[in-house]
Amino acid sequence: MDFGFKISPSSAINLDNVDTVKFEQLHDMEPDVYKCMACGSCTSTCPANRFSGMSMRKVILALQRGKEKDVVSMMRNCMLCGKCTMVCPRGINTRHLILSICRIYREDGK
Amino acid sequence: MGKLYDELLKDYRAKEGLKTCINCGTCTAICPAAEFYRYDPRKVMDIVQSRDEDEIEKLLKSDFIWYCGECMSCVTRCPRRNGPGLVIMALRNLSARLGYFTCSEKGRQLYPLTRILTGNILNYGYCVYPDTFKWEDHKESGPVWKWHLEHIEDTMARVGANFKGEGPGVLRKIPRESLDELKSIFDVTGGTERIETVEKFSRAKAGEMGMDMDDYFRETFEHASQGHLNSDGD
Amino acid sequence: MIYQGKQKIWADYQKEIPDDHWFYVRSCIRQNFFPGAEKMFLEICRGLLKKDFYETEHHTTCGGIAYHCDTIPQETVMTIVARQFALMTEAGYENYVASCITSFGNYIEILETWKEFPELEAKIRELLWKACKREFNKPKYVAHASDLIYKYRNEIAARAKFRLVNRHTGEPLRAVEHIGCHYAKMFPSRSIGGAEYPYVLSGMIEAWGGNVIDYPERRHCCGYGFRQYHVKANRGYSISNTYKKFESMEPYHPDFILTNCPGCPYFMDRWQYVIAETEGKTYGENGYGIPVLTYEELASLVLGYDPWDIGLQLHQVAVEPLLDKLGIEYDPSAKYKGLNRKDIMRPELPGVLRCC
Amino acid sequence: MKENIVIIGGGIAGLEAAGQLLGLGYKPIIIEKSDRLGGHVADWNCLFPDMTPAKDVVGRLIAGATEANIFLNTEISFVNKLKDSYNIMLSNGISIITKIILVTTGFSVFDASKKEEYGYGVYDQVITNRDLEHWFNTGNDRRIDDCGMNAVGFVHCVGSRDEKAKNPQCSKVCCITAVKQAIELKQKFPETMVYCFYMDLRMFGKKYEDFYIGAQRDYGIRFIRGRVSEVSENIDGRVIVKAEDTLSGKPVKVTLDLLVLMAGMVCNPDSTKVANMISLPIDSDGFLKSRDNVADIIDSPKDGIFYAGACTGPKTVPETLAEARAAALKIHLYNKTMQ
Amino acid sequence: MRERFLTGYNDFVLPFVFGMLFVLTYCLIGMIRLIMQLPAKDRKRFFLSLITPKILFKDIKDIFLKCLIHVDLWKRNKLLGYMHSSIAFGWFMIILVGHIEVFLYTSNLGIKALYYPIFFRYFVAETESTMKGSLIFFLMDFFLLVILSGIALAIIKRVRSRFFGMRRTTNPSFLDLVGLYSLWAIFPLRLLAESFTADISGGSFLTKSLNYVFTEFLSNHANMLPAWWAYSCALGIFFCVLPFTRYMHIPTEILLIPLRNAGIRIVNARKGLAKAQVYSCPSCGLCIDACPMGVMKSNIKDTTVYLNRQIRRNNEARIEEISDKCLLCAKCTAICPVGVEGDKLRIAQRSMRRYNFGPDYSNIDTSVLSEQCNKFVTNQNKNVSLTDSKRVLYFSGCMTALTPAIRKATESLLGKAGIEYEIMDRDGGICCGRPMFMAGRFDQAEQMVRKNTEIILGSGADTLLLSCPICYKIFREQYELPGITIIHHTELFGDLVSSGRLKVRKDDTKYVFHDPCELGRGCGIYEQPRQALSAAGDLVEAAKNRKESICCGGSLGSLTLSFEKRKAMTENALTNLTAASPDTIVTACPLCLNTFGRYADRPVEDIAQVLDRKTN
């Protein structure tokens, strides 16, 4: 029976269900990924931010929250220019991190 | 007219609800709307407290402020004694007054809501009344409700209601003089003016959308675009 | 769960409730959907317990739903409420009891706002005079009807014909309570038991022999959301919230749900029907739903009233499995009859949800 | 030097001040309500940033103060103001006349059960920072599964920065304590996922930031910026925590085997009691009011009465000790001018 | 001439013959495969070059100068140069003269031609006719001596490389050692063998003299046979191991030179030119000292010489590590005696990486970006406004956004010089593509190049001005911007200063100029910045400068070097720059400015800042 509306899935991030296998793989390659303190310097300096909403801070966060699809769409316009690496106060090598993400994760977010 | 923020702060609900937000997110964490809509009450608070006129105007014209269910769960938990739910009410009030509500799909729903609810109050003295609670518009009310409506004299009598009767009791007929008093209250407190404002802006919007008011009613009452709920577009 | 910990908190939220002489105002939604509940409230309080409850036909809606649907300004709702207070004052009462949680929250909120902004109260008095030529005293005490049933819970228990015990197993029934959001969330101190572990319904269940189950989403809103239900386009929000609650309570296998809010039993009852029809999922045993009762209905049942006299036939979810557990005798053929067993047909049966 | 100096409170501030005063040739009197010295620090296991064992610190302080007159299990019954001195009547019947009082009554740990939504005292698996330290010390707590746990959470700012809890102040040390405890827990249970729910991380002290970086990089502790809104218990008795992941703007929930509440420092009711007896003012944050919060934090507005430590606000151990030393010196100079 | 043995054969030639045949076959097959691996276009180009006299002449000249004389090494260090050329040239001469000798006196060699010239002295006896060849005898002994002196130096170098201007040398592999020792053994053994027979077959000052010494002890000529066997064996072993050692560079370089002269570039990371380069690496280790990463010992194994070795071994894990770590400063390329392009080789390796997804810029609407910088285009008809002066479009670049002082100074100078300009990326733009290119993701870089090209061509400018050498390099190399001059601000300001359009006040500040990798080695700009700086103050030079300038350590080239690990490199670069105690370090790259600024003990400025401060 169609009532004209339906149940919507929750937007809440359930950390119990987040698959961390790939993130652990990433962490093995990029131990510094844990060092992000979400200051947002990378986002504010990113030239791709205005085009695809790229934000390294959000990328790191989204990966830990199992939102891989968001990551791929944010990274769509990353130019690998290295500004985020330059400004990161925690010295995270974000450029290599980006390349590693491109190697580990897949476009369909799987 | 003054600046939007100042205008907003004239509302007692904003006065009560907006102190200083520290962006801790306690409100969003338990917000039923944040869980299913693309909505974050913390951001609403942050925008309002930023006093950024452009952002506040955008907010007033957006769907964002219409997602709240006014359950007030946020009020319980805020460590700074804010009431995001109250601020939302003030924002909606302002949006309705200024006619900004017609700029968003969820805002435009104010038209059917006003027609149904104020109609019920002024005609019957109830917010919800069987004569206007049609099964066709509320299929979820189930076959029981359909049956109940079809035999309402009997079902009401069976449980001892005073349906449309004189004197006190369940769903009694509210005396004419009381309804007149309600109308008078609406007239002096701005209730009538609000109904007219909503009507006026909705009429303009309906014209813009090329609809007559009945179509506009159905459209705003029934239509939900993609992108509001979290499930949309994923 | 540490019960003593909850008791400690309950001790901090006990309010004094006058025993008698109340001015009673009704709930819009309950009159529509659970007309028997309000009838039973007065029946129990007046008829059984011999308390003084006054009702006037001149009272109206408090306007709370319209207000929370943002269709009327704050001044309008305040003046409507002021008129209700004027009716109380004119009738010579000081204790005001509301049948509706939205109203209850509305009254409390208005009184608190007036306390904080006395100029607003003065303005409303002026407006009321202008509109209706009435004056009012603020009630000395505002209660919700469930507060009173809570208060009388032991008296009711003493007269009870049934206890909330499964007749077949002898085990106490597992009850889930759901408190209307506006009962305690805005002003926890005006409630019984506070906002986090409200005691008003738990107290009844305990007093009548049942077991209260605490489940993770107990505090979550039923999903009414005012405009999120009244506008058809938004009802996905409403059902999603209820669904979340049912998913959370499912592992505890509750025997029934007790509510104190007008909307909540309607939504928790009807959304079970919609979930069953759209998702094919039912939460009760054997394809039934979980019966959702109001506190008056439950009180009436334990007091031995006939289930069809109190209007349980107007629930979509069948209450019969609960009645069987309680050992309450009922006449299945009388369920959908009118007065004097007048045949008025019966509702269609839903496709998935099992009903009687 | 016959002058009586009364130190109210035998925590680390009282002990350190007593030790210093002994060194200056005084014979201070310590009045301690409980049956042992060392105050809250004695309940702790290790202290940041160098993980110094708390018992070493307390042990050294006690050793340095043994020469003082120490009254344990003693409370102040009342205080009479004489012309230029105070007559202090103790619960053990002794009365002391003194011109100099040092208030080192310290703080109380916020009663976490007051934050009802976190369910301390209601849910089995919710403990406080203090409970955790107790477990570090004794290894004895049925709530902590020695076989390891799946996930543990820390909630910062419990009863701090919270107007509803009537304590809008930052409790200063909880951030670093949470990070410290998270690391210690992770050292014991390396497989456990540890989450910290914070509003701001206030890593102001020496080497605190290193601690924080280490917690992230070396221990993989997950920091979630969002205040926990509600805790509930699931059918297995584990707790479900709800917060907003404010950095992604989405509600977040997680099921935990243990939730540690970082209960903050609030003013010790005993401080208030003492303050009432000697008519000392209370500051707007609920702690004792100093003559000046910048230049004269250890001076009360009354001559001859001094403060040291957390009775005037949340303090770290080194800050408390520094104040105690400063107070001892101030008392010494005050005594000289009196003569 | 008289043959001592009628057969003209002895078994001892077999090791040599076998080795020789093996190595010749190996090299021939290798060469054919390599040439076949070239893209068809390149292959055609290569063959064409071989019949183009000018290029052919250059090939021959280069092979002679580089392979035999090792001119590059002479320039670097005389001793090192002599060592290499003595062995290479000496051996070449011995082979040449030996063959001349054989062909002068013998005919109808047949199969014997394979070994006869090598072991000539064993098979022939001295006669009247051979006596006429005393010049040849002398030459043979002379070159042998030359070689022996080279070998002696080589042995010393193994112990004390510092004498040869090298701080560090490579760690030879086992086969390298076998090759090395057999090579070292060849010539002393030849001396020994020829000396034994010098009284019969003749000889000159070296062999004859030694023969006298030997005959004192050993009169039986039968004793000479083991010496000849040993000589042949040493040769045989050397040739057999040659393909598997660094000595493979000897034949490969002969191929590499014509390939390079034909203008072929690295396309495939492992095939064609890349392969030729890898095998041309003589493992001399010059790149080790050149590498700026070398300040940290752990990085020594990540230099180009080791990259080549790992590529030859197909050690993928190490190849990835080495190629990703490199700063791409290209200094190894600049100093490599055989012309291995360490930077390009690494970028090629990076391009082999497989990614699951990659950026895509098709969604970026360039028209929005164009609108921000189309001041030279008149609105109505989209025509370029015609003004006489330069229409400069200034692309400051991503990195300059982090050093706004450069942009501010540049704008100010442009204003002072009265040049009409427009900024292309005032609110950020699209990256030039060079960093992406350096990561080996060519397609993505190409997309960015196209997007920027659209914007630039639509801007109506005639000059594209750049502040960042990283951008500058890719704009010069990959962009096709017809009618638009691409210049770096050092060039522009250098010209403006020389032409007097910018009047710079000179004072006695001592400046040192740091040549940014991409500007100097990358684009060959060395003079203009120095000219401009000389006008502003006293220009001193760094210990290593220009082509050998040391990378600041901040380069985007490296993908893996962490922030902390770069510090030592920056400090080393700073020590080099401050050798002459300058007051101010001047650079012309935002990245260098940023990096040096972090650790320098004295002011670091961009050249634009210096000039701006000193002009009115």
Side-chain angles (χ1 to χ4, degrees), chain B residues 12 32 36-37 69-73 75-76 89 92-93 96 109-110 112-114 116-118 121 125-128 130 133 137 140-144 146-148 151 154 156-161 167-168 170-172 174-175 178 181-182 184-186 188-191 194 221-224 229, chain C residues 28-29 31-32 35-36 38-39 55-58 60-61 63 65-66 68-76 79-80 83 113 117 120 127 130-132 181-182 185-186 188 195 220-221 223 225-228 230-233 236-237 240-241 270 273-274 311 314 316 338-339 342 344 347-348 350:
Chain B
Y12 287 96
F36 298 104
Y37 283 129
E70 299 190 6
C71 71
M72 303 293 163
S73 302
V75 176
T76 325
M89 291 173 84
R92 289 175 174 184
N93 190 48
Q109 294 170 344
L110 199 51
L113 282 169
T114 303
I116 296 168
L117 293 167
T118 60
I121 293 177
Y126 296 94
C127 275
V128 180
F133 201 92
D137 287 335
E140 70 284 349
S141 61
V144 157
K146 196 173 170 216
W147 169 77
H148 179 45
H151 308 279
D154 290 308
M156 281 294 182
R158 172 74 182 86
V159 297
V170 173
L171 277 183
R172 74 216 169 276
I174 290 176
S178 296
E181 281 186 48
L182 282 181
S184 176
I185 288 174
F186 267 63
V188 301
T189 57
R194 168 61 49 82
F221 183 70
E222 280 174 4
H223 177 71
L229 288 170
Chain C
C28 303
I29 291 184
Q31 293 178 84
N32 277 276
E38 285 196 352
K39 186 200 71 181
E55 183 201 357
T56 165
E57 71 268 36
H58 291 288
T60 62
T61 173
I65 294 176
H68 282 293
C69 285
D70 314 287
T71 60
I72 56 174
Q74 198 178 22
E75 286 83 356
T76 308
T79 313
I80 295 175
R83 182 180 169 275
T113 309
F117 305 102
L120 188 58
L127 288 171
K130 226 167 121 187
C132 312
C181 291
H182 290 195
K185 283 182 179 172
M186 290 191 285
H220 199 80
C221 172
F226 300 101
R227 72 191 325 276
Q228 314 302 349
H230 284 290
V231 177
K232 187 175 175 183
Y237 162 99
S240 300
N241 279 295
R270 299 308 206 273
Y273 155 67
V274 178
L314 293 176
Q316 183 66 55
L339 268 181
K342 179 183 174 192
I344 47 171
E348 295 160 35

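Residue numbers start from 1 in every chain, and the chains themselves are labelled A, B, ... in the order their sequence lines are given, proteins ahead of strands.
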What part of [X] lies closer than 4.5 angstrom to a heavy atom of chain B: side chain, backbone, both or neither?
X        : result
C:Val274 : side chain
C:Lys342 : side chain
C:His220 : side chain
C:Gln228 : side chain
C:Thr79  : both
C:Arg83  : side chain

Is it the side chain or the backbone of B:Leu113 that comes within 4.5 Å of chain C heavy atoms, both, or neither?
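Looking at B:Leu113, backbone and side chain both touch chain C.
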Applying a strict 4.5 Å limit to non-hydrogen atoms, the region of B:Tyr37 in contact with chain C is side chain
Within this structure, what is the [atom1]-[atom2] distance for the pair [X] and [Y], rounded to the nearest 0.5 Å?
X        : Y        : atom1 : atom2 : answer
B:Arg172 : C:Glu55  : CZ    : CD    : 5.5 Å
B:Leu171 : C:Cys28  : CG    : SG    : 9.0 Å
C:Ile344 : B:Arg158 : CD1   : CZ    : 9.0 Å
B:Leu182 : C:Ile80  : CG    : CD1   : 5.5 Å
C:Leu314 : B:Trp147 : CG    : CH2   : 6.0 Å
B:Phe186 : C:Ile72  : CZ    : CD1   : 5.0 Å

Output yes when a side-chain donor or acceptor of B:Ser184 lies under 3.5 Å from a complementary backbone atom of C:Ala131, and no otherwise.
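Yes, the answer is positive, given that a donor and an acceptor are paired below the 3.5 Å cut-off.
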Considering non-hydrogen atoms only, spot the tightest contact between [X] and [Y] and give its length.
X        : Y        : value
B:Gly69  : C:Tyr237 : CA-OH, 3.6 Å
C:Glu57  : B:Pro168 : CB-N, 3.7 Å
C:Ala233 : B:Gln109 : CB-NE2, 3.7 Å
B:Ile121 : C:Gly63  : CD1-CA, 4.3 Å
B:Pro143 : C:Pro350 : CG-CG, 4.3 Å
C:Asp70  : B:Glu70  : OD1-OE2, 3.1 Å

Is there side-chain contact between [X] and [Y], with heavy atoms separated by less than 4.5 Å?
X        : Y        : result
C:Cys181 : B:Met72  : no
B:Pro175 : C:His58  : yes
B:Val128 : C:His230 : yes
B:Glu140 : C:Lys232 : no

If you count heavy-atom pairs under 4.5 Å between each of C:Cys132, C:Gly223, C:Gly36 and chain B, which one has the most?
C:Cys132
Should C:Thr71 and B:Leu110 be marked as a side-chain contact (heavy atoms from CB on, under 4.5 Å) after you check the CA-CA gap, both sets of side-chain angles, and the distance that decides it?
CA-CA 7 Å; C:Thr71 60; B:Leu110 199 51; 4.2 Å; yes
For each of B:Val170, B:Thr76, B:Ile116, tally heavy-atom pairs with chain C at distances under 4.5 Å, and name the one with the top tally.
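Greatest number of close heavy-atom pairs with chain C: B:Val170.
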Stepwise side-chain contact (heavy atoms from CB on, under 4.5 Å) check, C:Leu339 with B:Asp154
CA-CA 7 Å; C:Leu339 268 181; B:Asp154 290 308; over 6 Å; no
Any luck finding a side-chain donor-acceptor pair between C:Lys185 and B:Ser73 under 3.5 Å?
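Yes.
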Just do the side-chain contact (heavy atoms from CB on, under 4.5 Å) check on C:Leu127 and B:Ile185 with the steps written out, would you?
CA-CA 8 Å; C:Leu127 288 171; B:Ile185 288 174; over 6 Å; no
Measuring centre to centre across the rings, with the benzene-like ring taken for any Trp, is C:Phe117 within less than 6.0 Å of B:Tyr12?
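Close enough - the centres of the two rings lie under 6.0 Å apart.
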Audit row: B:Thr189, C:Thr76, side-chain hydrogen bond (donor to acceptor under 3.5 Å, both in side chains) steps and yes/no:
CA-CA 5 Å; B:Thr189 57; C:Thr76 308; 2.8 Å; yes
Could you walk me through whether C:Phe226 and B:Leu117 pass side-chain contact (heavy atoms from CB on, under 4.5 Å), step by step?
CA-CA 11 Å; C:Phe226 300 101; B:Leu117 293 167; over 6 Å; no
